[in-house]
2 protein chains.
Amino acid sequence: MRIAEAASQCGLSIDTIRYYEKSNMLPPIARGSDGQRRFSSENIGWLILLASLRDTGMPTATMRKFAALYCKGDSTMPERRKLLVAHAASLQERRTQITRCEELLAYKISVYDGTTNKGGKQ
Amino acid sequence: MRIAEAASQCGLSIDTIRYYEKSNMLPPIARGSDGQRRFSSENIGWLILLASLRDTGMPTATMRKFAALYCKGDSTMPERRKLLVAHAASLQERRTQITRCEELLAYKISVYDGTTNKGGKQ
DNA sequence: CCTTGACCTGGAGTCGCTCCAGTTCGGTAT
DNA sequence: ATACCGAACTGGAGCGACTCCAGGTCAAGG
């Protein structure tokens with residue numbers, strides 16, 4: 001599979017995939033005799049995971065570390081697991097940020113609607 | 001109230017507050033005779049709102065627009081309301097991204113734990 | 001009077017993309 | 001055979017949203 005299809009499968013842009021490869025966030029990607037990238041289904045699985053991680057705010061430094069561990073082989077599985085567990089935990093925090101923002105917005109909107117007659121009229 | 005306390009009240013850094021002012025995301029901030037910023041409690045309310053909006057991914061362009069509307073007076077309230085409602089809607093999307101990521105992570109972690117014996121061993 | 005600490009400004013640096021110019025390659029049409 | 005097209009390639013510039021730093025001002029305390 002070439003880069004255009006890979007991009008449409010994982011939701012990252014073509015440029016982002018190339019950037020991730022250049023920045024060591026991907027395992028080595030094969031090339032055809034024409035010099036173009038060929039993505040395996042395992043590569044696509046990796047890209048889908050990265051896409052989900054970056055959409056939920058994982059810094060690229062962490063992705064790089066994760067990729068480096070992956071490339072070192074199975075012995076790094078416990079460490080990789082730890083990394084994913086830590087990210088899962090950070091999602092809790094994000095969820096509560098969203099909830100707090102929703103509450104604040106609901107309040108502000110109620111002020112605009114006049115259903116709340118207190119201050120804070122931003 | 002001066003900038004250090006404002007920062008600790010709203011959770012933004014001092015640099016970020018100055019950056020927001022320079023970039024027209026804040027209503028005009030008063031200055032003392034010493035040339036230093038003095039934040040009113042209304043200013044703090046604004047900063048708290050902005051902090052919550054940026055933590056949940058609102059682009060600064062939208063914040064700038066919101067600030068411009070606010071500075072134009074009460075006639076822009078319907079438009080400001082619309083803007084907040086739109087952001088509240090975008091939070092739904094963020095929530096589902098988090099949920100999808102949580103599911104994917106739960107799956108990947110189960111693979112590490114050996115409780116799932118299929119492929120996808122990243 | 002001198003130092004300290006909080007603030008100021010302008011500007012450079014960073015992160016995570018995103019866009020662009022210029023090139024190469026494989027395939028189809030003439 | 002050649003001319004062209006679309007899709008991929010590279011290196012590098014640009015951008016959004018901060019973040020950090022050097023150098024300067026000012027009010028208050030020792």
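Note on naming: letters A, B, ... go to the chains in the order of the sequence lines (proteins, then strands), and numbering restarts at 1 for each one.
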- Item | Ile14(B) CD1 to dT9(C) P, straight-line distance once rounded to whole Å | 13 Å
- Message: Checking Thr56(A) now: which residues fulfil side chain to side chain donor-acceptor pair (under 3.5 Å) with it, not counting sequence neighbours?
- Response: His87(A)
- Backbone N or O of Gly35(B) within a donor-acceptor pair of the Arg31(B) side chain at under 3.5 Å? yes
- Taking it one step at a time, do Glu102(A) and Arg94(B) satisfy salt bridge (charged side-chain N to carboxylate O under 4.0 Å, His left out)? CA-CA 12 Å; Glu102(A) 274 170 349; Arg94(B) 274 182 186 264; over 6 Å; no
- Task: For Arg2(A) and dT24(C), give me the distance from atom CZ to atom P, rounded to whole Å.
- Result: 19 Å
- Message: Show the nearest heavy-atom pair for residues Phe66(B) and Leu49(B), with the distance to one decimal.
- Response: CE2-CD2, 3.7 Å
- Item | Smallest separation among heavy atoms of Ile14(A) and Ala4(A), with atom names | CD1-CA, 4.0 Å
- Okay, side chain of Thr76(B), backbone of Lys72(B): is any donor-acceptor separation there less than 3.5 Å? no
- Could you tell me whether the phosphate oxygens of dC7(C), OP1 or OP2, come under 4.0 Å of any side-chain nitrogen or oxygen in Arg38(B)? no
- Those residues at least two apart in sequence (or on a different chain) that pass side chain to side chain donor-acceptor pair (under 3.5 Å) with Arg100(A) are none
- Item | Presence of Arg37(A) side-chain N/O under 4.0 Å of dA7(D) phosphate oxygens OP1/OP2 | no
- Query: Over how many whole Å does the gap from Ile29(A) atom CD1 to dC9(D) atom P extend?
  - Reply: 11 Å
- Looking only at non-hydrogen atoms, find the nearest pair between Ala6(B) and Ile17(B) and report the distance. C-CD1, 4.2 Å
- Expected string for nucleotides 23-30 of chain D under the B/S/- scheme (protein heavy atoms, under 4.0 Å, primed atoms plus P, OP1, OP2 as sugar-phosphate) is --------
- Indicate whether OP1 or OP2 belonging to dT19(D) is found under 4.0 Å from a side-chain N or O atom of Thr16(B). yes
At a cut-off of 3.5 Å, list every protein nitrogen or oxygen paired with a nitrogen or oxygen from nucleotides 1-6 of chain D, distance to 0.1 Å.
none

- Task: State whether Arg31(A) places a side-chain N or O below 4.0 Å from either non-bridging phosphate oxygen (OP1 or OP2) of dT10(D).
- Result: yes
- Task: Please test Ser40(B) against Asn43(B) for side-chain hydrogen bond (donor to acceptor under 3.5 Å, both in side chains), starting from the C-alpha separation and ending with a verdict.
- Result: CA-CA 5 Å; Ser40(B) 69; Asn43(B) 292 156; 3.2 Å; yes
- For DNA chain C, determine which residues of residues 20-27 of chain B have any heavy atom closer than 4.0 angstrom to one of its atoms, and list them numerically. none
- Task: Starting at atom CG of Leu12(A), determine the distance to atom P of dC17(C), rounded to an integer number of angstrom.
- Result: 8 Å
- Given dC8(C), is OP1 or OP2 found less than 4.0 Å from the side-chain N or O atoms of Arg18(B)? yes
- Please list, chain by chain and in numerical order, all residues satisfying salt bridge (charged side-chain N to carboxylate O under 4.0 Å, His left out) with Arg37(A), sequence neighbours excluded. Glu21(A)
- Item | Most 5' of Ala4(B) and Asp15(B) on DNA chain C, judged by nearest nucleotide | Ala4(B)
- Task: Send over the distance from Arg54(A) CZ to dC17(C) C1', rounded to a whole Å.
- Result: 8 Å
- Beyond-backbone contact of Arg18(B) with Lys22(B), side-chain heavy atoms, under 4.5 angstrom: no
- Rounded off to whole Å, could you give me the CG-to-P distance for the Leu50(A) and dC17(C) pair? 10 Å
- Item | Leu50(B) and Met63(B), any side-chain heavy atoms less than 4.5 Å apart | yes
- Item | Residue met sooner reading DNA chain D from 5', once Ala61(B) and Ile3(A) are mapped to nucleotides | Ile3(A)
